[in-house]
Structure formats: C-alpha cells, structure tokens
Protein chains: 2
Amino acid sequence: MFATLEIRNGELMKKLELFEEKQQELASLAKALSHPARIAILQFLAATPTCISGDISDYLPLSRTTVSQHLKELKSIGLIQGDVEGLKVKYCLNKAGIEKLKNGFGELFEEITPIENKTC
Amino acid sequence: MFATLEIRNGELMKKLELFEEKQQELASLAKALSHPARIAILQFLAATPTCISGDISDYLPLSRTTVSQHLKELKSIGLIQGDVEGLKVKYCLNKAGIEKLKNGFGELFEEITPIENKTC
DNA sequence: TTCTAATGTCGCAAACATACGTCATTAATT
DNA sequence: AATTAATGACGTATGTTTGCGACATTAGAA
C-alpha cells in the first residue's frame, strides 16, 4: 500500500502506490450520492411511512427506466433494499448501509477539520 | 419546481419537474468526493501542519498533471483554496467550503434516517 | 536578459455515466 | 392457458470523467 518514505517538513511522509481501501470505499459511497436523482430517491424513501412499491418515477423528472437504474445503483452499494413481494418490489432504505454511509463520512469529516491557527 | 399534486397513501405527494437546488448542490459536493484521489488530497491537506506548496503528486499514485486537475476541481467547488505566493501555490482546506459540506451532508443524513418500526 | 523551476492549460484516448426505448421475465387474474 | 401489469435487463447514443504527455506561463535567480 505504501512505498518509499521521504522527508518533508522534518516529518516522514508516505507515498501511496494505490489509494487506500477506505478512500476507495468513501469515494464509492460519494459517487452513489453524486446524482440529484439518487439523493431525491433516498429522501423519498425516507419520507414515505411504508416501504414503497410502485413507480417512483411518478415523483421524479425521469423515466421509469432511468429511475430503475438509479435504484439498482443505490441497491448495489447497499444504501437501499428492494424486497420482492409477488409482482411488486418494495423499496426501503437499508439501515446497515445508511449507517455505514453516516459513519464513513462522519469519520472523514472529523479528519478534515481545518486547523484553527494554521501558519499559511 | 413542483407539478401536479397526486394522492398516495392518503397523503399529498409532489412530482418534481426538476431536481431541487439543494439536491443538486449536495450531488455536486458528493461528486467532488467521488474519487479516491480527491479524498486523499483533502486528508493530506488536513494532515499537514502548514498549507502545502510543492508537488502533492509526490505523495499520490498519480502524475502531477492529474493531481493538478483534481486540485482544480476541489478548488472550483470551494473545498480547498490555493493561494499564490510568488512562484509557488500554497494549498489549504477552505474552511467555509468544508463547513458547507459538513452541514449539507449533516442535514441530509438526518433526513434519511430509516424509520424504526416501519411497516414493510 | 536568459535560464530554471513551479505550476497551470491543452488536447487526446480510453473508460465510465446517463437517459431512455424496447424487450424479457414473472405473478397474479381470468 | 392466455392476458395483463409490475418490474428488471439489454442495447445504444450521447455526454462526462479520467489520466497523461506535451506545451505555456510566470517568478525569481544568475
């Protein structure tokens, strides 16, 4: 994961040869949120009192096909689940996935807090 | 922004004709984080005790050119700033932008909390 | 003023994302 | 068994992102 160590500012700094697992996972999660349709879908699912079946595209400015693809993406990264019930599919937020999202970004956000009295 | 109101589950539901401003802004911020290099750059900037000048690509598995583009992207969305100082450019996290990021996602994350005893 | 070093910009190729019409699958209904 | 309705999968056109070498620009040094 790391390569040669070099010296800079008197400290050891690592050169990444590849991005770290965590960075890649966060990037994937961010990518899942990087389209307004997918944000809207998550909000929509959160706002409905029951898991939803039926055409979510009725509520979005996109075709059913396109919404279906966004649903698939959100599902594949684990942010939502789609439980088949007969002919219909009930979509819901996936609690575990949402947790992972919040924790992952929570950690990142703590990490990237700007230092108060930085000497620039 | 909204179109016809329809009835579903006894509640009024809106159909978006366009995604909302906020959804689009969040999506843009998410997109900025949707590449491991950009996550790594933010972490790197946060971790250095001073604003950094010099070749950040020394610490990443990418060419200087490519890193430069990622820096430009992060700058254009306001997550970092690059202050020219003579021949060098000192890169730093942009406090206001990072704040906006945290607040935006903080709100979204609250909004998309799965309901505990949802009838699925 | 010429040279060098730090950095940004351009332009291309390859990969990936988006949107959507059409088709396939499957569950219930008749 | 045939029909209908809900949904996902496929194919494809178009646009966007990524990565990078080569070139441009600029500040300071010689």
Side-chain angles (χ1 to χ4, degrees), chain A residues 8-9 15-19 23-24 26-41 44-45 48 50-77 79-92 120, chain B residues 8-9 16-19 23-24 27-41 44-45 48 50-77 79-92 120:
Chain A
R8 167 183 275 267
N9 294 336
K15 175 174 177 72
L16 288 173
E17 295 190 307
L18 240 178
F19 294 107
Q23 292 166 338
Q24 302 198 55
L26 280 173
S28 296
L29 284 167
K31 183 174 275 176
L33 301 182
S34 74
H35 194 289
R38 294 193 286 270
I39 304 246
I41 288 170
F44 182 82
L45 290 180
T48 54
T50 58
C51 289
I52 206 73
S53 63
D55 210 336
I56 297 177
S57 71
D58 284 351
Y59 306 98
L60 296 178
L62 292 172
S63 77
R64 193 184 58 72
T65 316
T66 302
V67 171
S68 182
Q69 270 184 231
H70 287 301
L71 286 169
K72 195 165 139 190
E73 247 174 290
L74 286 170
K75 195 173 164 190
S76 86
I77 199 137
L79 289 177
I80 68 173
Q81 58 194 99
D83 301 312
V84 179
E85 197 163 296
L87 191 49
K88 303 191 175 184
V89 180
K90 292 196 158 186
Y91 283 102
C92 255
C120 284
Chain B
R8 168 183 277 267
N9 296 334
L16 287 174
E17 297 189 307
L18 240 178
F19 294 107
Q23 292 165 338
Q24 302 197 56
S28 296
L29 284 168
K31 181 174 277 177
L33 301 182
S34 75
H35 193 289
R38 293 192 287 270
I39 305 247
I41 288 170
F44 182 82
L45 290 180
T48 54
T50 59
C51 289
I52 206 74
S53 62
D55 209 336
I56 296 177
S57 71
D58 285 350
Y59 306 97
L60 296 177
L62 291 172
S63 78
R64 194 183 57 74
T65 316
T66 303
V67 170
S68 180
Q69 269 182 231
H70 287 303
L71 287 169
K72 194 165 141 190
E73 248 175 289
L74 286 170
K75 195 173 162 189
S76 87
I77 199 137
L79 289 178
I80 68 174
Q81 58 194 99
D83 300 313
V84 179
E85 196 163 297
L87 190 50
K88 303 192 174 184
V89 180
K90 291 196 156 186
Y91 282 102
C92 257
C120 286

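Residue numbers start from 1 in every chain, and the chains themselves are labelled A, B, ... in the order their sequence lines are given, proteins ahead of strands. In what follows, every heavy atom counts, from backbone to side chain, and hydrogens, waters and symmetry copies are set aside.
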Mind calculating the distance between CG (L60(A)) and C1' (dT18(C)) to the nearest angstrom? 15 Å

May I have the distance from L62(B) (atom CG) to dT17(D) (atom C1'), rounded to whole angstrom? 13 Å

5′-ward residue of the pair K75(B)/A37(A) relative to DNA chain C: K75(B)

Pairwise 5' ranking along DNA chain C for V84(A) and H35(A), keeping only the more 5' one: H35(A)

Would you mind writing out the side-chain donor-acceptor pairs for residues 27-38 of chain A within the sub-3.5 Å range, not counting sequence neighbours?
residue: S28(A); atom: OG; partner: Q24(A); partner atom: O; Å: 3.0
residue: S34(A); atom: OG; partner: K31(A); partner atom: O; Å: 2.7
residue: H35(A); atom: ND1; partner: A37(A); partner atom: N; Å: 3.0
residue: R38(A); atom: NE; partner: A32(A); partner atom: O; Å: 2.8
residue: R38(A); atom: NH1; partner: H70(A); partner atom: ND1; Å: 2.9
residue: R38(A); atom: NH1; partner: E73(A); partner atom: OE1; Å: 3.2
residue: R38(A); atom: NH1; partner: E73(A); partner atom: OE2; Å: 3.3
residue: R38(A); atom: NH2; partner: K31(A); partner atom: O; Å: 3.2

Using every non-hydrogen atom in the two residues, find where V84(B) and G86(B) come nearest and quote the distance to one decimal. CG1-O, 3.5 Å

For the residue pair L62(B) and F19(A), establish whether any side-chain heavy-atom pair is separated by less than 4.5 Å. yes

Please work out if K31(A) contacts a base, only the sugar-phosphate, or nothing of the nucleic acid, heavy-atom cut-off 4.0 Å. sugar-phosphate

Would you tell me if any nitrogen or oxygen in the side chain of Y91(B) comes within less than 4.0 Å of OP1 or OP2 on dG8(C)? yes

For a quick check, with a 4.0 angstrom heavy-atom cut-off, what is the B/S/- contact string for nucleotides 21-30 of chain D, read 5' to 3'? BB---BBS--

Distance in angstrom units between L74(A) CG and dA17(C) C1', rounded: 14 Å

Within-4.5 Å side-chain heavy-atom neighbours: L45(A) and I56(A): yes

Atom-to-atom span, CG of L71(B) to P of dT17(D) - whole angstrom: 17 Å

Rounded to the nearest 0.5 Å, how far apart are NZ of K90(A) and OG1 of T48(A)? 10.5 Å

Rounded to the nearest Å, what distance is computed from the CD1 atom of residue I56(B) to the P atom of nucleotide dG19(D)? 15 Å

Can you tell if the side chain of E85(B) reaches within under 4.5 Å of the side chain of D83(B), non-hydrogen atoms only? no

Measuring from atom CG of L79(B) to atom CG of L71(B), what distance do you get when rounded to the nearest 0.5 angstrom? 12.0 Å

Could you give the NZ-to-C1' distance, from K72(B) to dT17(D), as a whole number of Å? 13 Å

Atom pair distance, as rounded to whole Å: CD1 in I77(A) and P in dA17(C): 11 Å

Does the side chain of T66(B) get closer than 4.0 angstrom to OP1 or OP2 of dT18(D) through an N or O atom? no

Rounded to the nearest Å, what distance is computed from the NZ atom of residue K88(A) to the P atom of nucleotide dA28(C)? 11 Å

